[in-house]
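Notes follow once the structure below has been shown.
A quick note: this is a predicted structure, and the numbers were derived from the prediction, not measured. Just so we're on the same page: letters track the sequence lines, and every chain starts at 1.
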Number of protein chains: 2
Amino acid sequence: MARSGYGSKKKVLHHGASQLASGGLDDASSFEVLGAIANYKTGDKEVRAGQDIVRLGERCDVIYALVAGWAFLYSLLQDGQRQILQFALPGALLGLDLLGGGHATYGVEALTDVTVSILPQKALEPLSRNHPQIGLLLAGLASRDRLLSYDHLTSIGRRSAHERVAHLLLELFVRSHAQWPGHLIEEMHLPLTQEHIGDATGLTGVHVNRVLQDFRREKIVEFRYRRLRIRDPDRLADIANIEPQMVRAWIRHRQPD
Amino acid sequence: MARSGYGSKKKVLHHGASQLASGGLDDASSFEVLGAIANYKTGDKEVRAGQDIVRLGERCDVIYALVAGWAFLYSLLQDGQRQILQFALPGALLGLDLLGGGHATYGVEALTDVTVSILPQKALEPLSRNHPQIGLLLAGLASRDRLLSYDHLTSIGRRSAHERVAHLLLELFVRSHAQWPGHLIEEMHLPLTQEHIGDATGLTGVHVNRVLQDFRREKIVEFRYRRLRIRDPDRLADIANIEPQMVRAWIRHRQPD
DNA sequence: CGGCTGTTTGAATAGACTCAAAAACTGTGG
DNA sequence: CCACAGTTTTTGAGTCTATTCAAACAGCCG
């Protein structure tokens with residue numbers, strides 16, 4: 001699909017930046033849920049980077065709340081190809097929808113060493129009885145995930161490789177910075193390999209590499225060895241063709257305004 | 001990615017067919033919600049085929065319950081490309097997540113003439129207070145949508161054109177038959193153009209056409225003018241590489257077993 | 001210093017796209 | 001029942017983006 005140039009939106013990242021000022025964590029309202037959950041959880045669990053938190057196809061009747069670290073949801077095809085469905089940052093609830101007889105339809109792997117709280121799925125009913133607002137909150141969380149997923153769908157389905165990669169980097173950048181607002185804005189730790197980026201964007205690792213080289217050459221982004229450095233935010237947002245709407249969804253779940 | 005042959009799963013469709021025997025409508029548990037909603041809705045609305053139910057970017061503070069007809073969720077890029085995010089069958093709730101200041105981040109268009117019930121978003125709070133179980137039900141609905149979306153992501157991100165098209169046809173076939181179990185199983189009405197299929201699978205209409213011709217030539221599926229005829233279900237399921245897990249998610253929302 | 005994981009490079013290939021035009025089908029109204 | 005306008009499908013040729021396969025290179029850790 002031949003596109004003339006990359007797009008035309010300006011200053012989107014600054015929209016984002018101003019949003020960031022309001023603080024708040026990724027999946028912000030999930031912390032309300034987490035608070036209520038505290039009494040119902042049966043314990044914590046540590047998982048090493050690279051290990052599965054939820055194994056694919058495994059019977060699973062608990063929900064995990066990601067307390068610390070990064071993880072990602074993925075599905076596998078029988079020929080071994082992997083599709084990364086979503087990246088989870090602290091505050092995310094994992095395994096909410098392992099319906100279909102309780103067997104996980106997708107896996108969750110720890111990207112860094114992580115800590116999760118364990119909540120039996122059975123606890124949901126009493127939990128929601130005692131905290132009437134929690135059902136709607138959970139619905140909101142799931143809806144927000146759905147929205148992110150729709151965004152990825154659009155990206156993978158209709159955008160060029162360059163756009164997809166830019167889009168993903170920007171999303172991760174914004175979401176992660178919503179968590180640690182204090183950190184340096186130009187450079188951040190991003191615990192991914194190029195292969196991960198490929199699996200998330202529906203591209204080959206090799207091709208992701210070539211795209212990243214283009215970005216580096218054009219002094220837009222430098223991504224090397226788990227370190228992301230955004231040198232020209234506007235240009236990147238331009239390429240990624242972000243809607244300010246979506247930036248808001250990245251940052252927080254419910255919009256008070 | 002060169003794949004040898006198409007896959008190897010057998011009889012998946014029959015799994016599905018046996019599931020169908022249990023009856024039930026698409027988004028089955030949404031009917032529980034719909035029941036409770038009845039008292040809160042402010043009216044019904046008819047929308048003609050091809051018209052928007054929710055216009056993209058429009059401020060929108062109501063939820064629609066799709067009572068009759070087909071619709072689809074879509075997003076648009078500024079160059080005019082469209083990505084279809086999901087097909088909605090009767091029983092679906094539309095517009096649950098128009099957060100971000102209440103502006104729709106995606107549009108919903110009627111595929112056939114449809115009827116929707118209108119529920120003000122404000123009504124959710126009191127509704128969930130009076131029906132404590134409804135929050136979790138909504139969360140379940142949203143989770144199920146998320147699951148479908150993940151499935152599409154995997155499809156678009158990692159599968160070949162043939163696989164994607166087969167996958168979509170099979171999904172629509174199964175979901176639609178879960179609604180009208182009585183109907184003839186080999187042939188059904190599918191109110192789509194090849195362009196729609198393209199927009200849903202991340203392909204060009206032209207290329208979808210060539211894929212469909214292959215299927216026709218191989219006597220697997222015939223799709224012409226809104227009529228879908230599955231001539232070799234096993235072969236199709238084989239190509240689509242369906243997991244039985246997912247078939248269950250297509251059919252109903254909560255699995256009692 | 002290996003060994004491992006991750007990145008980079010090159011050349012050849014292929015799957016899907018573009019553009020454009022023709023054909024087939026549908027529904028409508030005379 | 002036919003003609004017409006508007007969709008939708010079909011076809012062909014040429015192009016291009018992203019892939020494959022393979023090998024070399026670089027950084028990291030014990």
Within a strict 4.5 Å, meaning less than it, do heavy atoms of the Ser176(B) and Leu89(B) side chains meet?
yes
Among dT8(C), dT10(D), dT9(D), the one nearest any side-chain atom of Thr193(B) is dT9(D)
Please give, in whole Å, the distance from dT9(D) P to Leu190(B) CG?
12 Å
Assess the side chains of Gln83(A) and Tyr150(B): does a donor N or O sit below 3.5 Å from an acceptor N or O?
no
Whole-Å distance separating the CG atom of Asp214(A) from the P atom of dT17(D):
11 Å
Counting the atoms with a prime plus P, OP1 and OP2 as sugar-phosphate, which does Gly198(A) contact under 4.0 Å by heavy atoms, base, sugar-phosphate, or nothing?
nothing
Over how many whole Å does the gap from Glu195(A) atom CD to dT8(C) atom P extend?
13 Å
Could you check whether Arg216(B) gets within reach of a base, just the sugar-phosphate, or nothing at all, counting any heavy atom under 4.0 Å?
sugar-phosphate
With sequence neighbours excluded, what pairs up with Tyr74(A) under the ring-ring contact (aromatic ring centres under 6.0 Å, His included) test?
Phe72(A)
Side chain of Ala161(A) - closest among dA18(D), dT10(D), dC21(D)
dA18(D)
In whole angstroms, how far is the P atom of dG6(C) from the NE2 atom of His196(A)?
8 Å
Among the nucleotides dA22(D), dA16(C), dT10(D), whichever has the atom closest to the side chain of His207(B) is dA16(C)
Please state how far atom NE2 in His162(A) lies from atom P in dC16(D), giving the value in whole angstrom units.
15 Å
Roughly how many Å is it from CZ in Phe223(B) to P in dC25(C), rounded to a whole number?
15 Å
From the options dT9(D), dT8(C), dA16(C), select the nucleotide whose nearest atom is closest to the side chain of Tyr225(B).
dT9(D)
Does the side chain of Gln194(A) get closer than 4.0 angstrom to OP1 or OP2 of dT5(C) through an N or O atom?
no
Reckon Thr204(A) has a side-chain N or O less than 4.0 Å from the OP1 or OP2 of dA18(D)?
no
Could you tell me the separation between the CZ atom of Arg224(A) and the P atom of dC25(D), rounded to a whole number of Å?
16 Å
Look at the side chain of Arg210(B) and the base of dT18(C), then say whether one donor and one acceptor between them are separated by less than 3.5 Å.
yes
Touch check for Leu203(A), heavy atoms < 4.0 angstrom, all strands: base, sugar-phosphate only, or nothing?
sugar-phosphate
In whole angstrom, what separates Arg159(A)'s CZ from dC17(C)'s P?
17 Å
Does a side-chain N or O of Asn209(A) approach OP1 or OP2 of dT7(C) to a distance below 4.0 Å, or not?
no
For Arg226(B), answer base if it contacts any base atom (sugar-phosphate contacts may also be present), sugar-phosphate if it contacts only those atoms, and nothing otherwise; contact means non-hydrogen atoms under 4.0 Å.
sugar-phosphate
More than 12 heavy atoms of other residues, nucleotides or ligands under 6.0 Å from CZ of Arg227(B): is that the case?
yes
Apply ring pair (Phe, Tyr, Trp, His ring centres under 6.0 Å) to residues Phe87(A) and His196(A) and explain how you reach the verdict.
CA-CA 10 Å; Phe87(A) 291 99; His196(A) 284 125; 7.3 Å; no
How is Gly50(B) classified with respect to the nucleic acid when contacts are heavy atoms under 4.0 Å: base, sugar-phosphate, or nothing?
nothing
How about Leu76(A) and Tyr106(A): do any of their side-chain heavy atoms sit closer than 4.5 Å?
no
